*Asks:* 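Can you read through this structure? Questions will come right after.
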Amino acid sequence: MQNPYVRAWRQRRSNQRRESGWLQALQGWLPVLALGAAGPVIRPVFMAWLEDEASVPMGVAGLSLRLGMLLAGAMSIGTYSALVRGPERAILDPFPAHPRALIRYLAKRTAWERASLPVGAAALLLPILLAGHPLAWLLASIVAAGGWFVGLMAGFTVHLGSVWAAESPALAGILNLIRGQNPQLQAALIYGPGVALGVGTAAVFGASEGARLVLTGQAWGAVLLVIPLIVGLVAFIPAGGLAERYHFRTTLILAEIDAAYAVEERDPEEARRVYLEWLVRLLPQSLHLEFLKELRHGWRGLRSWLTGAWGLGILGLVSAWSSEPSSWGRSLAIALAALVAIACVGLRLSTTDPLWLDQTLPQRRSLRLTARALAIFAWLQGVILPPTIALLLRQGGGAAASFFGITEGAALALCIASACFSPLRSRGWVPYLLSGLLLWGGLVGGFAV
Amino acid sequence: MSAIQIQGLRKEYGRVVAVEEVSFSVEPGELVALIGHNGAGKSTTIKVLTGQLLPTKGSVHIAGVDVLKNPGEARTKLGYVPEDPRLYDYLTCREFLELVASLRGHTGIDEALTLAGLGEDADRLIREYSQGMRRRTALAAAVLGKPPVLVLDEAINGLDPPSANRVKAGLRALCDGGAAVLLSTHVLDTVERLADRVVMLAHGRVVADERVSEIGEEGLERLFLERIGASLEQSP
């Protein structure tokens, strides 16, 4: 019997294609083309080792490990979105479930929707092929794809296991210690993607070592390349059984978590307080209302993106924490990519803007867009400040100042682009992403190379 | 065995007690209306009953199945229409019902479409539907396979009069066939015309559990004002 979830998904895709056309479906592959075209910019920053033949095996191992980890992380977050917090939970929850079939469907759907990631990674690695190292390119692509696969397959087991962990009396003490300001039940779910990333990293490390061994003439290293495949398949085995036990339990845990946050926000002091609200005092009176609205809209609707800016900032800090001059360019490339990623919150905010309010109240579009651009600019500082501090401490004021100047300029341009394209709603993504990619390519090509 | 059995239900959100000592049952073939002021605890009660929310205390059974211990089995016995139903926008109503029929292991799509009055629009994408049609789609999915228990959270509110009448007649027919229906609503007229019994909640507690036939004409509004109005006046 055909999996009913898969059948309905195929019908949805077919209906959507009929309605929106193929162009819409192909839009998701635009970044792959962009990554393929970014080779000349990427090569001097991330693949300088191509200049030295002897360094290629080590370079391939290092780059493919990082790329594989990135893909494993992306897939673990993707599986979390599909399984735990995705919109389908609310659609399917009133009905009886076939949990094993549901997990197989979610795995297929997540793989399909994120199929562009390993292809994009292979495109990003094209400079290796173009430098005359086809085997190195193939191996690096396989390692990266391994990260994608293990992140996908381990993600389901880890996230369902997180639901067990959330309620486990044995883990209650640990979760209470690491939960921060979050409800205890949330702690296990927060760290789920990290655990999946850990599993993915271990598997990808083995595979990247395999790639290095093959490139140094030790053919047996090819065996290590299948580690992510085996780890992924083994990790997926318990997912069906866990789904049987915890699929509906997840709904209850999520409701408890949401209720705990809601109670917290019933506190009048807490309800008024949002991230960066103090900045209102620095702005003209005419912007106060709109700016506060944007800050609240963003903090309550896209909190993970705003805190994620600091996460990416820490990534930049780690990259910049070196006295090697090349780390400046590398951290600039990373910070600019993070700025493009985070600044898109303007477009995401627009999807939940109440249209009826615009139609009912007098238009204050210029004020709103200014406030939105300013809020995005403030949120982007989380990406910029940590690597700037690292550069200041490790490479001195000159390196830090130039990094700060370039990234602040880019942040300003991106927040204006994001705010200006936000009224276009979903149609704003293409011009925003194109502007972001052009800006990234131009600045990395101009300064980091 | 009652079709719905709620016993000593209590739900706390932090220091806020949403429902306290709520107990009532619905028998097979009975249509019970759950009414109360805004924030009375109707939605909390229904969410616990349908396995969307953990109770702090108490037990909830659907057709003899403990909703918390056996959530999957409980859903096979339950048709639930949430206040704001979520649906797949890019499926037609018929395709959505085919999915639900596969999950329930039942057929009867045409019958469900007829009850919801969606027969002519069944092959249109759900994204083209009005709010009322979306609600009727959720209703058709809930009645598919004739589960022994139906729970409707404000599901009739907002329907146009012909649709509402068709749905009410359909619900009555399902009750006559032995199904138990719990209907949360604000519309007292619907309660008077449709329900066998009314359970009133105020400030999280059951303040009345009466047969509609015993309340009498215009008695429901009076009872509502007496019990719920008094409770509201006493509240801080």
Side-chain angles (χ1 to χ4, degrees), chain A residues 1-20 24-25 86-102 105 166-167 183 185 243-267 270, chain B residues 11-16 18 44 47-48 50-56 67-82 84-92 94-106 123-128 138 141-142 144-145 147 150-151 153:
Chain A
M1 194 183 115
Q2 198 191 359
N3 184 326
Y5 301 106
V6 173
R7 191 177 61 225
W9 171 52
R10 287 194 177 131
Q11 285 169 332
R12 291 203 315 273
R13 276 171 37 214
S14 161
N15 291 340
Q16 193 163 9
R17 264 201 309 272
R18 205 173 308 131
E19 177 122 321
S20 319
Q24 185 91 11
E88 282 192 83
R89 178 165 289 280
I91 297 172
L92 296 170
D93 206 71
F95 308 109
H98 301 173
R100 287 175 190 273
L102 180 62
Y105 148 66
E167 293 190 300
L185 289 170
E244 296 271 4
R245 290 175 66 184
Y246 296 115
H247 172 66
F248 287 122
R249 195 74 193 168
T250 308
T251 301
L252 293 168
I253 298 287
L254 293 176
E256 287 298 302
I257 290 166
D258 292 344
Y261 279 126
V263 166
E264 203 172 276
E265 290 186 356
R266 278 174 77 118
D267 173 5
E270 186 63 32
Chain B
K11 179 63 192 175
E12 297 167 5
Y13 298 107
R15 275 174 282 175
V16 179
T44 298
K47 281 182 178 164
V48 174
T50 54
Q52 317 286 311
L53 199 60
L54 280 169
T56 308
V67 174
L68 285 173
K69 288 184 182 155
N70 299 302
E73 192 188 345
R75 279 166 173 81
T76 64
K77 313 217 176 271
L78 171 71
Y80 168 46
V81 185
D84 177 23
R86 307 293 168 89
L87 305 162
Y88 286 117
D89 282 346
Y90 280 97
L91 284 184
T92 65
R94 189 183 299 282
E95 287 166 344
F96 182 64
L97 294 184
E98 280 167 3
L99 169 65
V100 176
S102 312
L103 299 178
R104 286 199 188 281
H106 283 283
D123 295 311
R124 279 173 59 197
L125 288 181
I126 290 172
R127 73 189 301 261
E128 296 166 4
L144 195 63
L150 273 175
V151 176
D153 192 359

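Residue numbers start from 1 in every chain, and the chains themselves are labelled A, B, ... in the order their sequence lines are given, proteins ahead of strands. None of the values given here were measured: they were computed from a predicted structure.
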*Asks:* Is it the side chain or the backbone of B:Glu128 that comes within 4.5 Å of chain A heavy atoms, both, or neither?
*Replies:*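 Contact with chain A is through the side chain of B:Glu128 alone.
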*Asks:* State, to 0.1 Å, how close A:Asn15 and B:Tyr90 come at their nearest heavy-atom pair, and which atoms those are.
*Replies:*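 Looks like ND2-O, 2.8 Å.
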*Asks:* Are any non-hydrogen side-chain atoms of A:Thr251 and B:Gln52 less than 4.5 angstrom apart?
*Replies:*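 When only atoms from C-beta onward are counted, B:Gln52 and A:Thr251 do touch, with a gap below 4.5 Å.
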*Asks:* Counting only non-hydrogen atoms closer than 4.5 Å, does B:Ala101 touch chain A with its backbone (N, CA, C, O), its side chain (CB onward), both, or neither?
*Replies:*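 For B:Ala101, neither part sits under 4.5 Å from chain A.
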*Asks:* With the side chain counted from C-beta on, respond yes when A:Pro4 and B:Leu103 share a heavy-atom pair under 4.5 Å apart, and no when they do not.
*Replies:*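 Side-chain contact under 4.5 Å: yes.
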*Asks:* Give the minimum heavy-atom separation between A:Pro94 and B:Tyr80, together with the two atoms involved.
*Replies:*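 Where A:Pro94 meets B:Tyr80 most closely, the heavy atoms are CB-CD2, 4.0 Å.
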*Asks:* Relative to chain B, which segment of A:Arg18 carries a heavy atom at a distance below 4.5 Å: side chain, backbone, both, or neither?
*Replies:*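 Neither part.
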*Asks:* Rounded to the nearest 0.5 Å, what separates atom CD in A:Gln2 from atom OG in B:Ser102?
*Replies:*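 Those atoms lie 9.0 Å apart.
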*Asks:* What do the steps show when you test A:Gln16 against B:Leu125 for side chain to side chain contact (heavy atoms under 4.5 Å, CB included), and what is the final call?
*Replies:* CA-CA 10 Å; A:Gln16 193 163 9; B:Leu125 288 181; over 6 Å; no
*Asks:* Select, from A:Leu252, A:Leu92, A:Leu254, the one with the greatest count of heavy-atom pairs under 4.5 Å involving chain B.
*Replies:*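 Of A:Leu252, A:Leu92, A:Leu254, A:Leu252 has the most heavy-atom pairs under 4.5 Å with chain B.
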*Asks:* Go through B:Glu95 and A:Arg13 one step at a time and tell me if the salt bridge (Lys or Arg N to Asp or Glu O under 4.0 Å) criterion holds.
*Replies:* CA-CA 13 Å; B:Glu95 287 166 344; A:Arg13 276 171 37 214; over 6 Å; no
*Asks:* I'd like to know if B:Arg124 and A:Glu19 make a salt bridge, using a cut-off of under 4.0 Å between side-chain N and carboxylate O.
*Replies:*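 Salt bridge flag = no for A:Glu19 with B:Arg124.
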*Asks:* So what's closer than 4.5 Å to chain A heavy atoms on B:Leu91: side chain, backbone, both or neither?
*Replies:*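 Both parts, backbone and side chain.
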*Asks:* At a 4.5 Å cut-off on heavy atoms, which part of B:Thr50 comes close to chain A: side chain, backbone, both, or neither?
*Replies:*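 Looking at B:Thr50, nothing touches chain A.
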*Asks:* Who wins among B:Lys77, B:Glu98, B:Arg104 for the most heavy-atom pairs under 4.5 Å with chain A?
*Replies:*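 If we count pairs closer than 4.5 Å to chain A, B:Arg104 comes out on top.
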*Asks:* Hey, mind stepping through A:Asp93 and B:Arg75 against side chain to side chain contact (heavy atoms under 4.5 Å, CB included) and telling me if it holds?
*Replies:* CA-CA 9 Å; A:Asp93 206 71; B:Arg75 279 166 173 81; 2.8 Å; yes
*Asks:* Taking B:Arg86 for the side chain and A:Arg89 for the main chain, is one N or O donor matched with an acceptor at less than 3.5 Å?
*Replies:*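 No: the side chain of B:Arg86 does not pair with the backbone of A:Arg89.
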*Asks:* Say you draw a straight line from CG of B:Leu53 to CG of A:Asp258; how long is it, rounded to the nearest 0.5 Å?
*Replies:*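 Result: 10.0 Å between the selected atoms.
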*Asks:* Measuring from B:Leu78:CG to A:Phe95:CZ, what's the distance to the nearest 0.5 Å?
*Replies:*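 If I round to the nearest 0.5 Å, the distance is 10.0 Å.
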